Each structure stands twice: as C-alpha cells, then as structure tokens.
Amino acid sequence: MSSLPAHPAAAARRGLMFARQDPQMTIALAIIVAWLVAIAGAGLFTRGGPIAEDIDVLLQAPSAAHPFGTDQLGRDVLRRVLYGGQASLPAAVVVVCIGLAVGTALGAAAGYLGGAVDEVVMRVTDMVLAFPVLVLAMAVAAALGASLSHGVVALAAVWWPQYVRVCRGLVLDLREKEYVVASRASGRLPLHTLYLVIMPNVLPALLVMAAIDVGRAILYFATLSFLGLGAKPPQPEWGAMVSSGVDVMDQWWVATFPGLAILSLVFAFNLLGDSIRDALDPWLGGRR
Amino acid sequence: MIGYVARRLFLLVPILLGMTVIAFAVSRAIPTDPVVAALGQQAADHPAIVAAYRHHWGLDQPLPMQYLTYVKNLLHGDLSDSIYTHRPVTQDLRSYMPATIELATATILLSTILSVPLGIVAAVTRGTTPDLIVRLVTLVGVAMPIFWLALAALDVFYLHLGIAPAPGRLNPTDAPPPNVTGMYTVDSLIAGNMKTFWDAVSHLALPALIMATWSTGTLTRMTRTSMLSVLPQGFLRMVRSKGATELHTVLGHAAPNALIPVVTVVGLAYGDLLTGVILIETIFGWPGIGHYAYEAAIYADFPAIMGVTLVFGVIYTIVNLCVDLVYAALDPRIRAAMISGRR
C-alpha cells in the first residue's frame with residue numbers, strides 16, 4: 001500500500017481513518033512528531049542560545065516571558081529543554097544505530113556461518129549481557145572520562161548484544177527455508193545469499209525493534225548524564241538539567257520540565273512499541 | 001532435575017570467568033596510566049608504592065599473565081584498594097551490601113504485591129476503563145526517569161509535607177541495632193526494638209516505593225499479557241461448567257498458570273533494580289553499594305568501579321540462574337525440555 005493518494009482531502013481522510021482504527025499509535029506518533037518539530041526548530045521558536053546567561057532574571061518562576069521559568073544562571077528553561085533535546089534524542093538514536101549495526105553484523109555472521117564463529121560471538125554476547133546495562137556503561141564512561149560522546153560510546157558498547165541475539169535467531173530461522181536453499185543451489189555465493197536473500201527478510205523486524213528501542217536509550221542516556229557521566233554543563237541535556245535542578249529544589253520548574261520532557265518522549269516510544277506489538281501479535285488479536 | 005541444576009551450576013563457571021575478562025578488558029582500556037588510575041596521583045608519586053603495586057598486579061608481565069594475576073588475586077578476595085576510602089574494595093562492598101539487599105528486597109516485595117493484583121484485574125477487565133487505567137499507569141511507570149521522580153517525591157513528601165523522614169536509614173537520634181545481618185529492619189526485630197524497627201521501615205518506604213516504579217510497570221504488564229493468554233483456554237470453561245465461581249476460576253485456576261512465565265521477568269526486573277539502586281541510593285543518601293558505585297564513578301575511583309561492576313554482574317547472573325531454575329521447577333513442560341538438553 002505505497003500508492004500516494006492523488007488528492008490532499010483523500011490523504012486527510014485516510015489519515016483520519018487510520019487514527020480512528022489505531023488511536024494508540026496515532027497518539028504515540030503525534031507526540032514523537034511534535035517533539036521532533038520542537039527540537040529541530042529550537043532556534044526558530046526561541047531567541048538566544050541555550051547557554052546565554054542573564055543575571056537579571058535568576059530563578060524566575062514560569063511567566064509569559066519565560067513559560068518554563070529560568071534557572072540559576074538566568075537561562076530560559078524552555079529554551080534549554082528544546083536545545084536539550086538536540087543532545088538527548090540524537091545521542092539515543094546514535095546509540096541504537098551503533099547497537100543495531102554491530103549487533104546485526106555479528107548476529108548475521110553467527111547465525112549464517114555457525115560453528116566456531118557462532119560459538120565465539122554468542123559467548124562474548126552472553127558475557128556482556130551478564131552485566132546490567134547501566135552498570136557496565138557507567139564503568140566504561142568512567143574509564144573514558146565524562147563527556148557527551150563518551151556517554152554515547154559507553155552506552156553503545158553495551159547496547160549491541162540484544163540485537164545479536166534477535167538477528168541470529170531470525171537468520172537461523174531463514175537459513176533452511178526453501179528459497180534460501182534454492183538461492184544457494186543456483187550457484188550464488190554464500191555472502192550474496194546472505195545479503196540479497198536473507199537480510200532483506202531480517203531487517204524489517206530489526207528496524208522496528210530499533211525504533212521502539214530509542215525510548216529506552218533516551219532514558220538510559222539521561223540517567224548517565226544525571227549521574228554526571230554523560231553530557232556536561234553548560235551544554236543542555238535533559239538528564240544533566242534535572243541534576244542541576246537538585247540544588248534549587250524550591251524552584252521546582254528547573255528540574256520539573258526537563259524531567260517531563262524525558263517522560264513524555266520515552267512514554268511515546270513505549271506506546272508506539274506497544275501498538276506495533278499489538279498489531280503484529282495474532283494471539284492478542286487486532287483489538288485490545 | 002538434580003542433573004540439570006548441576007549442569008547449570010557448571011556452566012556458571014565459564015560465564016563468571018568471561019565476566020572477569022570483560023572487567024579486566026575495561027580496566028586495561030583506560031586511556032590514562034593504569035597505575036595512576038588505580039593508586040591515585042598522590043600514591044603514584046612514590047616510586048616504592050608504584051613498584052610494589054606493579055609487582056602485586058603483575059604489571060611488569062605480558063597481558064595474559066596480568067590477567068592470570070588478576071584472577072588469582074580475585075580468588076583471594078582481593079579487588080585492590082579504593083583510592084577514595086583507602087580501604088580494600090572487598091571490605092567496602094561487604095559493609096555496604098546489607099543496606100542494598102534490604103532496599104532491593106523491600107522493592108521486589110512491594111512491586112510483586114502491587115503488580116500481580118493489578119495485572120490480573122487489567123486482564124479480567126480487558127478493554128474497559130480499569131484495564132485502560134492500569135495500562136496507562138504502567139506505561140508511564142516504565143517510561144519514568146526515576147531519578148526525577150525520586151527528587152520530586154523528596155521535595156513533596158519530605159520538604160513540603162513533612163510526611164517522609166529525612167534521607168538516610170535511621171533518624172540521627174536512633175542508634176543502629178546490634179549488627180547481625182546488617183539490615184536494620186531485621187536486626188531491630190532480632191533485638192526486639194520496635195521503635196527502631198518502625199523508624200527503619202519509615203526510612204525504607206519512600207525509596208523502595210520509588211524504586212518499585214520500573215519493576216511494577218514491567219511485572220504488571222507481563223502478568224496482564226500472561227493472564228490474557230490463559231483466560232481463553234478450554235480448561236477454564238471446564239472449571240466454570242463445574243459450577244465454580246468466577247473469582248475462584250480466575251484466582252484458583254487461571255492465575256497459577258499465568259504467573260509461571262511472570263517468574264522469568266523477575267530476573268529482567270532485577271537488572272532494572274540494580275540500575276535503580278545506583279540512582280535511588282544516591283538521591284536518598286542510602287549507604288549501599290549503589291551509592292558506593294556512584295561515588296566511585298564520580299571520583300574516578302577505578303578499583304572500586306571495577307569491583308562494583310563485577311559484583312553487580314555476579315548478582316545479576318546468579319539471580320537469572322535462580323529464575324531459570326525456579327521456572328523449570330514450576331513448569332513440568334519447561335523442565336522436560338531443559339533436561340532433555342534443548343537449552
């Protein structure tokens with residue numbers, strides 16, 4: 001169903017129909033798109049940079065001039081939340097992309113080649129999986145020294161094993177299917193069979209998994225930053241902003257809004273994941 | 001079954017060894033001089049200390065030998081000394097462990113008590129308002145940045161309402177109970193000191209409740225999904241047709257079958273718990289290994305970081321092993337599959 005509707009009204013009608021059929025997914029997508037627009041347009045919606053200080057307006061409560069108030073250095077919290085998304089969201093996406101790329105490559109190799117490769121890859125994967133994600137990421141981040149890029153590297157270093165497992169399982173499943181055997185029998189090189197025949201059938205599932213996974217990555221990255229092992233002040237980042245709000249608990253708005261930002265975006269990704277899972281799971285049926 | 005348990009225990013050895021390889025690899029991947037990282041700048045200025053350290057950890061030998069030395073010291077319970085506390089890391093971990101076990105146990109208890117009924121209610125009322133509310137709340141729960149929730153809770157319940165006690169394990173005026181287990185709630189009960197017991201419980205309540213947010217969300221959703229897959233099954237129609245009440249059908253027959261797979265999620269939830277421990281202990285000034293891990297990471301106290309990482313990994317692995325064994329013990333089908341060697 002990739003044909004484009006000829007008329008805008010028809011497109012709108014189809015959009016509405018989809019929204020009525022799956023309100024849950026619609027809400028999730030709406031929140032995510034709204035955040036994407038707000039984050040991408042941070043420079044358009046607000047004036048001045050995210051680290052511009054103004055000692056005339058220290059710690060002001062939310063008002064018309066500063067809808068989310070101002071922080072200890074007189075910086076506009078709304079502006080910092082929007083710019084903070086420019087750190088949090090791309091960081092999470094990069095973590096997931098690295099995890100997906102590394103995990104898929106290793107998983108495909110393990111599943112398709114089998115034997116010793118499979119053994120080695122899976123044992124290493126199991127070892128990394130044996131640690132709780134944040135704990136190992138903390139150790140790596142502390143070893144590298146705290147910074148935004150090191151935080152990303154630290155999370156990515158522990159993010160790939162789940163993709164290895166899933167990708168290997170899918171490849172193993174497909175390896176013995178008739179059309180794959182036929183491809184091999186017709187004289188295609190094994191690597192071509194993997195790239196041209198198996199992977200196109202594996203990737204969609206992995207991409208869906210990755211899209212849903214972004215929410216969890218945002219949460220973990222914010223957590224790492226909150227602990228002082230990710231993005232560093234004065235750079236705006238949601239977790240780091242909540243952390244800087246600890247010193248001024250009476251000025252609730254400093255920590256509240258970045259926290260709400262994390263919550264709403266992660267919630268939307270989880271909701272999206274739930275609706276995709278519901279739509280794909282025949283056991284639970286289309287309707288809930 | 002005994003053979004299966006033995007095989008799993010035997011398989012634990014390579015996994016634990018693998019974890020030491022990873023811990024070792026991370027500790028050797030530091031861009032700074034490992035001696036400075038392990039001793040701190042002050043001690044690293046003394047050539048005698050440096051030489052002794054190099055010899056103890058075999059740093060003058062090739063990498064594989066260094067690893068063997070590391071494992072040998074590890075087997076003697078030697079995780080090196082913390083730069084920050086100047087005590088052996090093993091000793092530090094032992095003294096901080098009880099507070100963490102107390103908090104983690106309270107959290108698991110709380111989230112189980114909350115999530116099993118919630119999940120069952122949601123499944124039975126599927127598609128109606130109670131189900132929607134439970135699903136919305138748990139979805140918010142798993143998306144919650146709990147460090148933020150913890151700060152908000154401290155602000156509201158301690159600073160403004162004054163209902164919750166100050167951060168810490170006891171009021172400053174209360175002396176800790178005589179040390180038996182190191183867990184204040186248990187020790188005060190053993191000593192028969194009810195006043196201290198309630199004080200310890202009141203200090204435990206808020207951090208445990210906040211930490212339970214993630215695990216409650218996960219466990220409730222799993223309970224609901226599992227119940228939904230059991231409820232349409234034929235044996236329940238049989239139970240109903242024999243005249244059993246709906247309550248008895250759901251609680252007596254559906255729930256016991258549905259809760260078996262939920263056990264497996266407890267293992268996953270425990271990973272979240274270990275993450276939560278770091279955040280919640282730091283925010284609530286709870287003197288456990290999570291707080292210790294945070295301080296170690298912030299002060300770049302490398303021996304302590306690697307010690308904590310290893311301990312967390314070992315706890316996580318052992319919990320997951322226990323979960324697998326319990327799962328096998330509860331479900332004869334799984335047991336048969338596992339023993340026949342499919343896993």
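Keep in mind the model is a prediction, meaning the values are calculated, not measured. Each chain gets a letter, A, B and so on, in the order its sequence line appears, and its residues count up from 1.
If you measure heavy-atom distances from A:Leu271 to chain B, the contacts under 4.5 Å come from both the backbone and the side chain. Looking at B:Ile298, the atoms closer than 4.5 Å to chain A (heavy atoms on both sides) all sit in the side chain, from C-beta outward. Interface remark: A:Phe267 contributes backbone and side-chain atoms alike to the contact with chain B (heavy atom separation under 4.5 Å). For A:Ser243, no part sits under 4.5 Å from any heavy atom of chain B, backbone or side chain. Residue contact with chain B, scored on non-hydrogen atoms closer than 4.5 Å, is absent for A:Phe269. There is no contact between B:Ala152 and chain A, counting heavy-atom distances below 4.5 Å. B:Ile315 does not touch chain A: none of its heavy atoms, backbone or side chain, sits under 4.5 Å away. Proximity to chain B is absent for every atom of A:Ile218, based on heavy atoms less than 4.5 angstrom apart. Residue B:Leu151 touches chain A through both its backbone and its side chain, counting heavy-atom pairs closer than 4.5 Å. Heavy atoms of B:Val314 lying under 4.5 Å from chain A are absent altogether. There is no contact between B:Leu16 and chain A, counting heavy-atom distances below 4.5 Å. Residue A:Val128 touches chain B through both its backbone and its side chain, counting heavy-atom pairs closer than 4.5 Å.
Screening B:Arg126, B:Arg224, B:Arg221 for a salt bridge (charged side-chain N to carboxylate O under 4.0 Å, His left out) with B:Asp131, the sole residue that qualifies is B:Arg224. Checked against A:Arg168 for a side chain to side chain contact (heavy atoms under 4.5 Å, CB included), the options A:Leu172, A:Val166, A:Val171 give a single hit: A:Leu172.
Cation-pi geometry between A:Arg216 and A:Trp159 is satisfied (NZ or CZ under 6.0 Å from the ring centre, within 45° of the ring normal).
Most heavy-atom pairs under 4.5 Å with chain A: of the set B:Ile146, B:Val21, B:Val140, this distinction falls to B:Val140. In terms of non-hydrogen atom pairs under 4.5 Å with chain A, the most contact-rich of B:Ile15, B:Val308, B:Leu279 is B:Leu279. Comparing B:Ala297, B:Gly313, B:Pro145 by heavy-atom pairs within less than 4.5 Å of chain A, the highest count is held by B:Pro145. Interface summary for chain A: among B:Asp155, B:Leu139, B:Leu274, the most heavy-atom pairs under 4.5 angstrom belong to B:Leu139. Of the listed residues B:Leu149, B:Thr275, B:Ile305, the one with more heavy-atom pairs under 4.5 angstrom with chain A than any other is B:Thr275.
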TODO: Might you work through the ring-ring contact (aromatic ring centres under 6.0 Å, His included) test for B:Trp148 and A:Trp252, ending with a clear yes or no?
DONE: CA-CA 11 Å; B:Trp148 177 71; A:Trp252 55 270; over 10 Å; no
Open item on the list: With side chain to side chain donor-acceptor pair (under 3.5 Å) as the criterion, how do A:Arg80 and A:Gln235 come out once you've worked through the C-alpha distance, each side chain's angles and the decisive distance to 0.1 Å?
Closed with: CA-CA 9 Å; A:Arg80 283 179 67 77; A:Gln235 184 178 30; over 6 Å; no
- [ ] Kindly indicate, with the supporting measurements, whether the criterion side chain to side chain donor-acceptor pair (under 3.5 Å) is fulfilled by A:Gln162 and A:Asp213.
- [x] CA-CA 11 Å; A:Gln162 42 172 342; A:Asp213 210 21; 3.2 Å; yes
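Side chains of A:Ile39 and A:Leu82 form no contact here, defined as non-hydrogen atoms less than 4.5 Å apart. A heavy-atom distance below 4.5 Å is not found between the side chains of A:Leu272 and A:Gln24.
Side-chain contact check for B:Tyr67 and B:Thr20: at least one donor-acceptor pair (N or O, by modelled atom type) lies under 3.5 Å.
With respect to the salt-bridge test (charged N to carboxylate O, under 4.0 angstrom), the residues A:Arg165 and A:Asp126 qualify.
Atom CZ of B:Phe24 is surrounded by more than 12 heavy atoms from other residues, nucleotides or ligands within 6.0 Å.
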